[in-house]
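Since the structure comes first, as structure tokens, the remarks are kept for the end.
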Amino acid sequence: EYGQKAWTKLITMAAKSNDTQRARELAEADKAHSCAVGGATGKACTKKAECGTDEDCVDNHCRNTLTVDIFAAAGYQDADKKFIEACGRDLKTDSDRCDPITPDRAKKWQEAGTLYESALNNAPSRREAPRGAMRAAYCFKQVGDSNRAIKNYERFISEYGKEDILSKLQKEDPKQYHERFTFLQQAYDEEGTTYYAFFSYPQAAAIYEKVANITRFETPKRKDAAKNAMLLENSIGRRDQMLAMYRIVTSLGPSADEKA
């Protein structure tokens, strides 16, 4: 028991000192030891035992929750490293751009996207997850894998861009809200333009219609989306949907030409 506490203390110290490599090495060793013990008894090695309020309770047959957290963080860290390899740098400002895509970089983009997806599947609730979904989409877009890019944009919208989540963030964490809201706009923009580029007009129209109906977005953005949807619906002969979008355009301060 005392040995396990000392081991956990070492992992905690490494994690708190941002020595991620050392923390990961210790977590790997802890995982191997704990799972070996668990396997010997036939007990599932998946999580720390439920110990109530007893902070000293340690189940040597199960993985320590700190170890699980370290592996979850490591998944996003691995993806970030591969992203930087593919891009040539990290993207920290709007003016940052990645290096041109080469065959070698294309492989790295694919690997980075896959690593982000793996991290998301393993730890979808972490702080890094929303950004991970957007970066996964960006990676696959770089190599022309539109289906997987769209899949990750949709994942961001459905899991991290819901109205109740945004409202909560807006009240409790303005900085995170700004990031999430910016990502949400990007996700809709990229999804809509991708569908349009591949002549998937019904899907593109559906995206623009969603944007037009999101009151959280600024009026010009909503109006532009409604106009795009209106034109697409007209081109595919869906009059009812076209008129619905026309009504939104006329409700958002249309110009004389837009009224005509």
Side-chain angles (χ1 to χ4, degrees), residues 65 68-69 72-73 75-77 79-80 83 90-96 113 116-141 148-196 202-230 232-233 240-241 243-254 258:
T65 53
V68 174
D69 186 66
Y76 289 100
Q77 291 164 4
D80 285 341
F83 181 96
D90 202 359
L91 299 181
K92 297 182 178 180
T93 69
D94 292 340
S95 61
D96 289 338
Y116 279 121
E117 287 185 334
S118 178
L120 282 161
N121 292 335
N122 184 49
S125 300
R126 284 190 65 85
R127 173 67 179 84
E128 304 98 315
R131 174 177 168 276
M134 292 297 291
R135 284 214 159 177
Y138 184 89
C139 291
F140 291 120
K141 181 185 175 184
R148 286 180 81 175
I150 287 174
K151 178 182 176 183
N152 282 286
Y153 287 130
E154 290 180 342
R155 180 172 193 168
F156 175 87
I157 292 168
S158 64
E159 295 186 22
Y160 308 113
K162 293 179 181 179
E163 180 60 27
D164 58 336
I165 294 175
L166 293 174
S167 295
K168 187 172 186 292
L169 286 176
Q170 191 172 22
K171 294 177 182 177
E172 299 177 1
D173 192 338
K175 183 178 179 180
Q176 189 178 168
Y177 166 75
H178 176 73
E179 178 187 72
R180 191 76 60 91
F181 183 63
T182 300
F183 281 157
L184 183 65
Q185 295 184 89
Q186 291 174 355
Y188 275 120
D189 289 346
E190 292 292 342
E191 196 173 1
T193 54
T194 300
Y195 277 130
Y196 182 83
Q203 292 90 337
I207 295 299
Y208 291 131
E209 287 167 13
K210 288 179 181 179
V211 173
N213 282 290
I214 295 176
T215 57
R216 189 176 289 275
F217 290 152
E218 293 183 354
T219 296
K221 185 176 186 66
R222 294 181 60 205
K223 187 166 69 170
D224 285 345
K227 287 163 61 178
N228 289 337
M230 184 176 68
L232 288 170
E233 296 292 7
D240 289 344
Q241 289 92 326
L243 291 174
M245 289 298 101
Y246 175 76
R247 286 191 287 271
I248 289 180
V249 172
T250 57
S251 72
L252 295 174
E258 290 168 343

Worksheet item: Cut-off 3.5 Å, side chains only: do Asp164 and Ser167 have a donor facing an acceptor?
Response: no

Response to the item:
residues 207-219 vs salt bridge (Lys or Arg N to Asp or Glu O under 4.0 Å), sequence neighbours excluded, gives Glu163-Arg216

Value rounded to 0.5 Å, distance of [atom1] in [X] from [atom2] in [Y]:
X      : Y      : atom1 : atom2 : answer
Lys223 : Asn228 : NZ    : CG    : 12.5 Å
Tyr208 : Gln203 : OH    : CD    : 12.5 Å
Asn152 : Glu191 : CG    : CD    : 10.5 Å
Leu184 : Tyr177 : CG    : OH    : 9.0 Å

Discussion item. Under a 4.0 Å threshold between the charged nitrogen and the carboxylate oxygen, would Asp80 count as salt-bridged to Arg131?
Written reply: yes

Listed by chain and number, what are the salt bridge (Lys or Arg N to Asp or Glu O under 4.0 Å) partners of [X], not counting sequence neighbours?
X      : answer
Lys162 : none
Arg222 : none
Asp90  : Arg135

Note, [X] side chain near [Y] side chain (heavy atom, < 4.5 Å):
X      : Y      : result
Leu169 : Phe181 : no
Gln176 : Arg127 : yes
Tyr138 : Leu91  : yes

Atom of [X], atom of [Y] and distance for their closest heavy-atom approach:
X      : Y      : value
Ala129 : Leu120 : O-CD2, 3.2 Å
Ile214 : Tyr188 : CD1-CE1, 3.6 Å
Ala225 : Ala212 : CB-N, 3.9 Å
Leu232 : Ala205 : CD1-N, 3.7 Å
Gly132 : Tyr76  : CA-CE2, 4.4 Å
Gly75  : Ala119 : C-CB, 3.7 Å

Discussion item. If you apply the rule salt bridge (Lys or Arg N to Asp or Glu O under 4.0 Å), what do you find for Asp189 with Lys221, and how did you get there?
Written reply: CA-CA 10 Å; Asp189 289 346; Lys221 185 176 186 66; 2.8 Å; yes

Worksheet item: Can you name the residues that form a side chain to side chain donor-acceptor pair (under 3.5 Å) with Glu154, not counting sequence neighbours?
Response: Tyr195

Item to complete: Could you tell me which residues satisfy side chain to side chain contact (heavy atoms under 4.5 Å, CB included) with Ala187, sequence neighbours excluded, listed by chain and number?
Response: Met134, Tyr153, Phe156, Ile157

